Amino acid sequence: MSKKFNIGVIKGDGIGPEIVDEAIKVLNAVAKKENIEFAYKEYLMGGAAIDATGVPLPEETINGAINSDAVLFGAIGGPKWDNLPREKRPETGLLGIRKALNTFANIRPAIVYDELVDASTLKPEVVKGVDLVVVRELTGGLYFGEPKAKEATKAYNTMVYTVDEVKRIAEVAFNIAMKRNKKVCSVDKANVLDVSQLWREVVIEVSKNYPEVELTHMYVDNAAMQLIRNPKQFDVILTGNIFGDILSDEASMLSGSIGLLPSASTGGTTGIYEPIHGSAPDIAGQGIANPIATIASASMMIRFEFGLIKAADRIDNAIKKALKEGYRTKDLSAFDAKIICNTKEMGDVIAKFASE
Ligand code: IPM
Ligand code: MN
């Protein structure tokens, strides 16, 4: 009997549907090969949900996600919904589902594929071999802190972290480091912010339970600079919500395109797996988006949530093979392309290689 896994699918807006379709194509290819069964159920979120139901995060989507074994998500947002009040915006749907599922740990690996070393805007010797992971706190900090308000002549948000919130994300980072190169760099702004001072104290406390892991601290401005100067010094970067948002976009450019990097939002009821990039409304509907970040997210999902190591390896190796053979979507086409392909063709070739 084959194993069956229930995947909640949120395609979202912009290029979301196009890239999620390719990830499903690849999942189905490995399912067939490995005698696994994936069942998919679609839910609405973001602009698509606003258009259909009037709200960015319908109750049905939250319940559906809770009842899924994992959620595969594309991207949300677009100019069509940009002028709505904050509580009605697509982004509020995404923040809402993270909070509702309590997915406090956002894991964002940034690796540089050897085949794409020349695709980076940085020198090959700087980026070759980069393999780091940003562990971003996802349900606290500046994104959620109270008080917050926009008034007529002033507006404010508050960066809040409790000891427990820092402790649990730090533990995630140290556990990941134990399986990697045993280095954690905690990024904060402790020279200015009280919240960062507490962050640092808690991280130091947690580190005492991981004597094998080397802990360093870096101010976020320095970290932004070091990521470009010498990214290979990093193994695990542990940081809060807003700093992690910014640094993970920065880290993605080491790899050549933000269209390559997957992410996992975990630690809560159900894990959400999504590319780190957005909905790219400027290229939506053209069929040219790079589906690799979403396909790699699907691989992370089946590896970490379902323990399907062989199937996940198939996908990761298929991505590498496609790149190695010179398949490039438009975002990468200036670099070393042998075959320029559209979204569907990239999905097809990865699905094919994953079934070999
Ligand atoms: C991300 C995105 C989101 C964030 C937006 C769309 C709310 O930029 O997942 O990094 O800021 O967390
Ligand atoms: Mn972001």
Side-chain angles (χ1 to χ4, degrees), residues 10-17 19-20 44-50 55-57 61 65 71-110 132-145 148 157 159 161 165 169 187 220 223-224 227 237-255 257-268 270-282 284 289-290 293-294 296-297 300-301:
I10 302 176
K11 294 185 177 179
D13 310 318
I15 59 169
I19 53 181
V20 171
L44 294 173
M45 191 169 86
I50 295 169
V55 294
L57 181 60
T61 300
V71 173
L72 182 65
F73 165 53
I76 46 102
K80 183 175 173 193
W81 306 281
D82 272 353
N83 295 322
L84 292 171
R86 169 132 347 263
E87 68 280 6
K88 295 205 170 131
R89 284 180 62 115
E91 289 80 0
T92 303
L94 178 55
L95 299 184
I97 199 166
R98 287 173 178 169
K99 199 75 178 172
L101 300 182
N102 197 24
T103 55
F104 67 88
N106 187 211
I107 323 280
R108 298 190 157 182
L132 61 87
V133 49
V134 178
V135 176
R136 168 190 178 196
E137 200 290 329
L138 201 60
T139 54
L142 193 56
Y143 276 50
F144 292 94
K148 60 178 172 188
N157 292 86
M159 197 188 280
Y161 272 116
E165 281 174 323
I169 191 70
V187 172
V220 62
L227 261 176
I237 294 177
L238 160 64
T239 192
N241 206 340
I242 185 75
F243 299 157
D245 181 44
I246 298 165
L247 292 181
S248 59
D249 267 35
E250 190 188 357
S252 79
M253 276 320 289
L254 304 169
S255 76
S257 167
I258 197 168
L260 293 166
L261 296 193
S263 85
S265 302
T266 63
T270 313
I272 306 173
Y273 290 75
E274 57 177 295
I276 81 157
H277 61 70
S279 59
D282 53 323
N290 187 345
T294 315
S297 301
M300 268 181 107
M301 175 179 77

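We're numbering straight along the sequence, starting at 1. Bear in mind that the values here come from a model prediction, so they are computed numbers and not experimental data. In each ligand, atom 1 is the first atom listed, and ligand 1 is the first ligand listed. Scope of the values below: all heavy atoms of this structure, side chains included, with no hydrogens, waters or symmetry mates.
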Between CG on residue Leu260 and OG on residue Ser252, distance to nearest 0.5 Å: 8.5 Å

Shortest-distance N, O or S atom of Asp245 relative to the Mn ion (ligand 2): OD1

Salt bridge (Lys or Arg N to Asp or Glu O under 4.0 Å): pairs with one or both residues in residues 74-84, sequence neighbours excluded: Asp51-Lys80, Asp82-Arg89

Numbered atoms of ligand 1 (with element) below 4.0 Å of Asp245, judged on heavy atoms: 1 (C), 4 (C), 8 (O), 10 (O), 11 (O)

Identity and separation of the nearest protein heavy atom to atom 1 (C) of ligand 1: Arg108 NH2, 3.3 Å

For Tyr143, the ligand 1 atoms whose distance to one of its heavy atoms is below 4.0 Å: 4 (C), 11 (O), 12 (O)

Pairwise side-chain contact, Thr294 with Phe73, heavy-atom cut-off 4.5 Å (strictly under): no

Ligand 1-proximal atoms of Arg98, by part, heavy-atom distance under 4.0 Å: side chain

Reported CZ-to-OG distance for the pair Arg108 and Ser297, which is rounded to 0.5 angstrom: 9.5 Å

Arg136 and ligand 1 - part of the residue with a heavy-atom distance under 4.0 Å: side chain

Asp245 and Tyr143: side chain donor to acceptor below 3.5 Å: yes

